[in-house]
Amino acid sequence: HVQLVESGGGLVQAGGSLRLSCASSGRTFSNYDMGWFRQAPGKEREFAAAIRWSGGVIDYGDPVKGRFTISRDNAKNTVYLQMNSLKPEDTAVYYCAAVLGSIGIYALRSRKYDYWGQGTQDTVSS
């Protein structure tokens, strides 16, 4: 069983940066694909970024490409989302998610993630 806890959210001015962390209590963290999703007020959940269990494949949603960076530290059972050049439209609740990784080629953004964190609020002011 995997439990995820996000941290690092907060209020930031447009153009600034935030770094989100997601700590996992699962004992097989390195076997999981990890993703970040976000949900803005009045909007549906949106894919932000994901990283394959092996670390060799990374995917980003179009709105965050070039500005966000996902990474993982398996020794710490933690996945990160570095968010730079933040815009007001990045304001959302950000969720960490996990799903058991697999072999082969597949789209990280289309996977059904089984485990979710509680979410952390990021607010970007203009």
Side-chain angles (χ1 to χ4, degrees):
H1 182 71
V2 177
Q3 292 181 313
L4 306 172
V5 180
E6 302 99 331
S7 62
L11 176 65
V12 66
Q13 190 174 7
S17 300
L18 285 173
R19 189 195 192 201
L20 306 182
S21 298
C22 174
S24 172
S25 63
R27 72 177 190 273
T28 56
F29 175 80
S30 62
N31 294 333
Y32 286 80
D33 296 339
M34 302 296 298
W36 287 98
F37 296 80
R38 66 186 189 180
Q39 188 165 23
K43 301 291 184 64
E44 294 185 351
R45 187 178 64 190
E46 178 184 60
F47 172 76
I51 183 168
R52 191 177 167 101
W53 62 272
S54 62
V57 179
I58 293 175
D59 191 23
Y60 295 102
D62 287 339
V64 311
K65 286 182 179 178
R67 300 187 298 118
F68 290 11
T69 302
I70 188 171
S71 62
R72 66 190 299 160
D73 186 341
N74 289 345
K76 297 181 178 179
N77 283 13
T78 301
V79 63
Y80 304 95
L81 186 67
Q82 178 67 46
M83 306 185 294
N84 298 326
S85 302
L86 284 163
K87 306 174 182 179
E89 50 263 44
D90 294 320
T91 295
V93 176
Y94 284 73
Y95 297 92
C96 175
V99 60
L100 189 65
S102 187
I103 302 297
I105 301 175
Y106 52 86
L108 292 170
R109 68 175 69 196
S110 65
R111 298 210 68 192
K112 180 184 177 182
Y113 288 80
D114 297 315
Y115 305 99
W116 295 82
Q118 79 285 358
T120 183
Q121 176 70 52
D122 296 325
T123 301
V124 184
S125 62
S126 61

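Keep in mind that what you see is a predicted model, and the values were worked out from it rather than measured.
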K.L.:
Restricting to side chain to side chain contact (heavy atoms under 4.5 Å, CB included), what partner residues turn up for T28, sequence neighbours left out?
P.N.:
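In terms of side chain to side chain contact (heavy atoms under 4.5 Å, CB included), with neighbours along the sequence ignored, T28 is linked to N31, Y32.
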
K.L.:
Using the rule given for side-chain contact (heavy atoms from CB on, under 4.5 Å), can you reason through V79 versus I51, listing the C-alpha separation, both sets of side-chain angles and the distance that settles it, and then say yes or no?
P.N.:
CA-CA 9 Å; V79 63; I51 183 168; 4.2 Å; yes

K.L.:
If a pair satisfies salt bridge (Lys or Arg N to Asp or Glu O under 4.0 Å) and one of its residues is in residues 67-80, list it, with sequence neighbours excluded.
P.N.:
R67-D90

K.L.:
Please say yes or no: joined through hydrophobic side-chain contacts below 4.5 Å, possibly via intermediate residues, are I70 and L86 part of one cluster?
P.N.:
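Yes, I70 connects to L86 through the hydrophobic network.
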
K.L.:
From L20 CG over to C22 SG, what is the distance, rounded to the nearest 0.5 angstrom?
P.N.:
9.5 Å

K.L.:
Passes side-chain contact (heavy atoms from CB on, under 4.5 Å), M34 versus Y113? Steps please.
P.N.:
CA-CA 8 Å; M34 302 296 298; Y113 288 80; over 6 Å; no

K.L.:
Closest heavy-atom contact between S24 and F29?
P.N.:
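Here S24 and F29 meet closest at CB-CD1, 3.6 Å.
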
K.L.:
Quick check on the hydrophobic clustering: are V99 and Y115 connected, directly or via other members, by side-chain heavy-atom contacts under 4.5 Å?
P.N.:
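No, because V99 and Y115 fall into different hydrophobic clusters, even though each may have its own neighbours under 4.5 Å.
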
K.L.:
Check side-chain hydrogen bond (donor to acceptor under 3.5 Å, both in side chains) between Q121 and all other residues, then give those that pass, not counting sequence neighbours.
P.N.:
T123

K.L.:
Show me the donor-acceptor pairs, under 3.5 Å and distance only, between side chains in residues 5-19 and residues at least two apart or in other chains.
P.N.:
residue : atom : partner : partner atom : Å
E6      : OE1  : Q118    : N            : 3.0
E6      : OE1  : Q118    : NE2          : 3.4
E6      : OE1  : G119    : N            : 3.0
E6      : OE2  : C96     : N            : 2.7
E6      : OE2  : G119    : N            : 3.2
S17     : OG   : N84     : OD1          : 2.8

K.L.:
Who pairs with F47 by ring-ring contact (aromatic ring centres under 6.0 Å, His included), at least two apart in sequence or on another chain?
P.N.:
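If we apply the ring-ring contact (aromatic ring centres under 6.0 Å, His included) test to F47, skipping adjacent residues, the hits are F37.
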
K.L.:
Going by salt bridge (Lys or Arg N to Asp or Glu O under 4.0 Å), name the pairs with one or both residues in residues 42-51, residues two or more places apart or in two chains.
P.N.:
R38-E46

K.L.:
Give me each pair satisfying ring pair (Phe, Tyr, Trp, His ring centres under 6.0 Å) with a member in residues 54-99, each pair once, sequence neighbours excluded.
P.N.:
none

K.L.:
What salt bridge (Lys or Arg N to Asp or Glu O under 4.0 Å) pairs are there with at least one residue in residues 95-109, not counting sequence neighbours?
P.N.:
D59-R109

K.L.:
About how many Å separate OG of S30 and CG of N77, when rounded to the nearest 0.5 Å?
P.N.:
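Reported value, rounded in 0.5 Å steps: 8.0 Å.
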
K.L.:
What residue pairs, at least two apart or across chains, pass disulfide (SG to SG under 2.5 Å) with a residue in residues 45-94?
P.N.:
none

K.L.:
Who pairs with S102 by side chain to side chain contact (heavy atoms under 4.5 Å, CB included), at least two apart in sequence or on another chain?
P.N.:
Y106

K.L.:
Flag yes if L108 and W116 sit in one hydrophobic cluster, no otherwise; membership is Ile, Leu, Val, Met, Phe, Trp, Tyr, and two members link when side-chain heavy atoms are under 4.5 Å apart.
P.N.:
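Shared cluster, yes.
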
K.L.:
Which residue pairs satisfy the disulfide (SG to SG under 2.5 Å) criterion with at least one member in residues 37-80, sequence neighbours excluded?
P.N.:
none

K.L.:
Assess whether side-chain contact (heavy atoms from CB on, under 4.5 Å) is satisfied between V93 and T120, documenting all intermediate values.
P.N.:
CA-CA 5 Å; V93 176; T120 183; over 6 Å; no

K.L.:
With sequence neighbours left out, which residue pairs that include part of residues 111-126 fulfil the salt bridge (Lys or Arg N to Asp or Glu O under 4.0 Å) condition?
P.N.:
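Every salt bridge (Lys or Arg N to Asp or Glu O under 4.0 Å) pair that includes a residue of residues 111-126, provided the two are not neighbours, is D33-R111.
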
